[in-house]
Amino acid sequence: MEAIADFLDSLVGGVDLVCYSLAIGSLFWGLFVLRPWCNNDGYTSALLDKTIALFYKGGFALAMIQLFKIILKIWMMTAILGKWPFPEFAETTQFTGGLIRTVLTLLLAGYAYLHLRKNPFSKQHWLIAGFIAIPMIVSGAWLVHAAGRFENQASLMTLTVAHQLAAAAWVGGVFQLVNIWFLRRHQLVPAELWPIMLKRFSVFGMASVAMILISGLPMALQYIDTWNGFIGTGYGNLLMVKIILLCMALGFAWLNRSAVLEFSASGNNHALNNRVPYYIEAETLVLVILLFTAASLASQPPSIDIPHLTAAWQEVLNTFAPRIPRTTSPTHEALIAGEAGRVAIVGQIPSPAATAWSDYNHNIAGIFLTTMSFIAMLSYMKRLPSAFSLFDRYLPLTKYWPFGFVALGIFLFFRSDAETWPLGPIGFWESTFNNGEVLQHRIATFLVLGLGVIELRARMTKDATSKLPFVFPILATFGGLMLLTHSHVGFQAKSAFLIQVGHTLMGVFSLVLASGRWLELKLDRPGKEIAGFVSVAALFQIGLILMFYREPLY
Amino acid sequence: MKSLFQLSLLTLCLLQIEAVSAHAVVTDYSLKIAPIHANQAEKVELTFNSQVELGLSQIFLVRKGDQHELLKATKGQKNGLIIVEVPPLAPGDYAIRFKVFAADGHLTEDVIHFAVSQ
């Protein structure tokens with residue numbers, strides 16, 4: 001239960017930021033982009049209803065999440081400390097600040113639901129909502145990790161709030177664009193509104209990104225004081241991921257802007273209606289993951305505080321150095337013999353067998369993934385280079401590459417839990433239902449097997465309306481999200497960070513895999529093929545990271 | 001499709017549970033420059049990078065065989081300073097294990113190893 005509580009705590013941070021973006025981003029959208037009181041652009045009541053619904057639903061969800069965070073903290077403290085945390089917890093900033101923010105958020109959402117919803121074209125009501133939002137936004141300053149710091153506390157709290165506000169404006173605006181596209185597709189708003197809103201948001205989005213950078217840079221300089229701190233700590237590593245994701249999102253934003261400019265110049269709306277909506281969907285995917293990464297970053301110790309735990313850039317690079325994969329495993333007896341010493345707190349003895357066991361599992365999984373993704377890349381080719389043309393007739397077979405997931409699932413079933421059946425003495429059912437970790441591994445194995453079968457069927461199906469193909473990118477997104485949001489290793493040994501850095505990079509590639517496959521399913525040619533190829537190429541990169549993986553002995 | 005999506009989310013959430021971790025870290029501790037002497041009570045100073053809610057924190061002495069003993073801790077004069085009272089110890093290997101609640105709302109667990117010699 002303790003582990004579940006802790007996991008939920010980090011996951012809830014991301015959900016909190018998504019809800020905040022939905023509520024505050026929608027408010028900004030109404031005030032600065034939509035400006036309903038002007039009503040020059042043929043706004044419909046359906047548009048205003050939906051826009052405001054996103055606003056108050058985001059607000060109510062945020063209030064619930066805020067309250068849930070407090071309950072979760074109580075649960076965590078009870079589980080971890082083994083005692084009821086009151087009355088001490090009632091005196092903390094987290095408790096009082098959290099409750100105040102919940103009430104203020106409820107006020108904002110309540111006003112939007114009770115008054116703004118009934119007066120959607122009234123400038124006065126939008127402005128009042130804006131004023132009600134101010135204390136709620138400000139109250140958030142006491143809940144960010146700058147609040148616990150000793151130096152430059154006020155300026156860091158202010159910068160964090162400004163950073164969150166700018167991000168919410170951008171992400172919330174993108175949510176609203178998806179909403180407008182949905183309404184346009186169902187002919188609930190005039191078709192002309194789509195390019196108008198895209199153009200207007202383009203300027204607003206650029207201002208938001210500028211604000212994100214202006215507020216983010218001083219914070220980064222405050223929390224990271226050396227290049228090694230940027231490259232060799234969990235905090236720096238996640239910041240780097242945030243920068244990569246920001247660049248990806250800006251790439252999609254640039255494609256959207258180019259399409260808008262092309263439409264303005266030529267009147268050709270093909271890209272505007274057949275590509276931009278799907279770029280925005282992919283951008284949304286990236287931005288949501290970015291928010292979860294930001295939440296994870298907020299729970300990391302800043303690099304400046306852990307110089308003794310910082311890895312040198314050479315050590316980080318060495319993590320990815322190509323090497324011969326381990327294809328032989330230590331015996332099961334050797335692994336079990338070293339376990340007691342490995343997990344001891346006092347008198348810990350590193351277990352070379354456990355490290356080799358882990359390396360073997362990772363490396364073999366990497367061989368599975370590189371092989372299947374290489375075959376997947378071949379499936380995008382119509383013919384092979386002339387030297388290999390003899391094998392052209394086998395190219396149609398490459399579409400069966402997802403079968404590799406099935407083989408990987410079988411491998412994981414045997415190797416994940418050495419102490420249980422079929423390798424260890426503990427029975428299958430006994431281990432599955434009496435040990436949370438084993439249960440998780442069993443579910444993972446089942447998931448990988450299922451993913452192989454689903455993706456195989458998805459690529460075989462002739463039904464153009466089938467939803468089955470979307471399962472793969474959805475699962476890949478969540479896989480990436482989990483890899484990126486569970487990078488809490490900054491305070492642990494440097495070796496733990498060096499393990500984590502590879503997993504973080506795999507998280508980024510998982511996102512490329514997911515968004516590439518998503519676009520492949522949505523776009524027309526030639527973007528479809530390009531996105532599909534990029535997607536499986538990302539899977540190949542994940543395979544390489546796993547194939548060369550080496551766990552430090554500790 | 002919707003239920004499949006929800007099931008996927010739940011499954012993936014459960015697959016990723018990891019150890020407790022968070023933001024407050026020990027940036028300095030007195031054991032580095034002042035080792036504990038055998039068979040006499042000592043005070044160990046831990047300096048954290050963040051404000052710590054002591055009422056919601058626990059600090060343990062861990063002996064060989066991973067036996068835990070709760071230690072008394074008080075706040076020091078400086079920001080982030082926590083003073084831990086360590087009982088008389090025989091020569092050997094020990095660890096200080098702490099679970100602290102930082103002012104930013106994060107719970108941290110960590111271990112500091114040390115040895116006592118004659």
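Every chain is numbered from 1, with letters handed out A, B, ... down the list of sequences. What's counted below: heavy atoms across the whole structure, side chains too, no hydrogens, waters or symmetry copies. Every value quoted in this text rests on a predicted model; they were computed, and no experiment measured them.
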Notebook entry, point to check: Checking A:Ala147 against chain B: side chain, backbone, both or neither under 4.5 Å from a heavy atom?
Noted result: backbone
Check: What are the residues of residues 64-82 of chain B, in order of number, with any heavy atom under 4.5 angstrom from a heavy atom of chain A?
Finding: B:Lys64, B:Asp66, B:His68, B:Asn79, B:Gly80
Next item on the list: With sequence neighbours excluded, tell me which residues meet ring-ring contact (aromatic ring centres under 6.0 Å, His included) with B:His37.
Entry: none
Check: How long is the gap from OG on B:Ser57 to CG on A:Leu81, to the nearest 0.5 Å?
Finding: 7.0 Å
Notebook entry, point to check: What option among B:Thr27, B:Leu56, B:Asp93 has the most heavy-atom pairs under 4.5 Å with chain A?
Noted result: B:Leu56
Checklist line | Atom pair CD (B:Glu53) and CD (A:Gln94), whose distance is rounded to the nearest 0.5 Å | finding: 8.5 Å
Checklist line | Per-residue contact mode, B:Tyr94 against chain A (heavy atom under 4.5 angstrom) | finding: backbone
Next item on the list: Pick one of side chain, backbone, both or neither for B:Val26, based on which atoms fall under 4.5 Å of a heavy atom in chain A.
Entry: backbone
Item checked: For the student: nearest non-hydrogen atoms of A:Ile345 and B:Ala95, plus distance -> CG2-CB, 4.0 Å
Notebook entry, point to check: How far apart are the closest heavy atoms of A:Pro302 and B:Asn49, and which atoms are they?
Noted result: CD-ND2, 4.1 Å
Notebook entry, point to check: Is it the side chain or the backbone of B:Arg97 that comes within 4.5 Å of chain A heavy atoms, both, or neither?
Noted result: side chain
Next item on the list: Go through the structure and list residues passing ring-ring contact (aromatic ring centres under 6.0 Å, His included) with B:Phe98, not counting sequence neighbours.
Entry: B:Phe48
Note to self: Need one label for B:Val111: side chain, backbone, both or neither, based on atoms under 4.5 Å from any heavy atom in chain A.
What the structure shows: side chain
Checklist line | A:Ile80 versus B:Gln58, closest heavy-atom pair with distance | finding: O-OE1, 4.2 Å
Next item on the list: Might you point out which heavy atoms bring B:Gln51 and A:Arg149 nearest each other, and give the distance in Å?
Entry: NE2-O, 4.0 Å
Item checked: Which residues share a ring-ring contact (aromatic ring centres under 6.0 Å, His included) with A:Phe446, sequence neighbours left out -> none
Notebook entry, point to check: Non-hydrogen atoms of chain B under 4.5 Å away: do they reach the side chain of A:Lys83, the backbone, both or neither?
Noted result: side chain
Next item on the list: Could you grab the distance from atom CD of A:Glu88 to atom CZ of B:Phe101, nearest 0.5 Å is fine?
Entry: 11.5 Å
Check: Which of the residues A:Lys73, A:His308, A:Glu91 is involved in the greatest number of heavy-atom pairs with chain B at under 4.5 angstrom?
Finding: A:Lys73
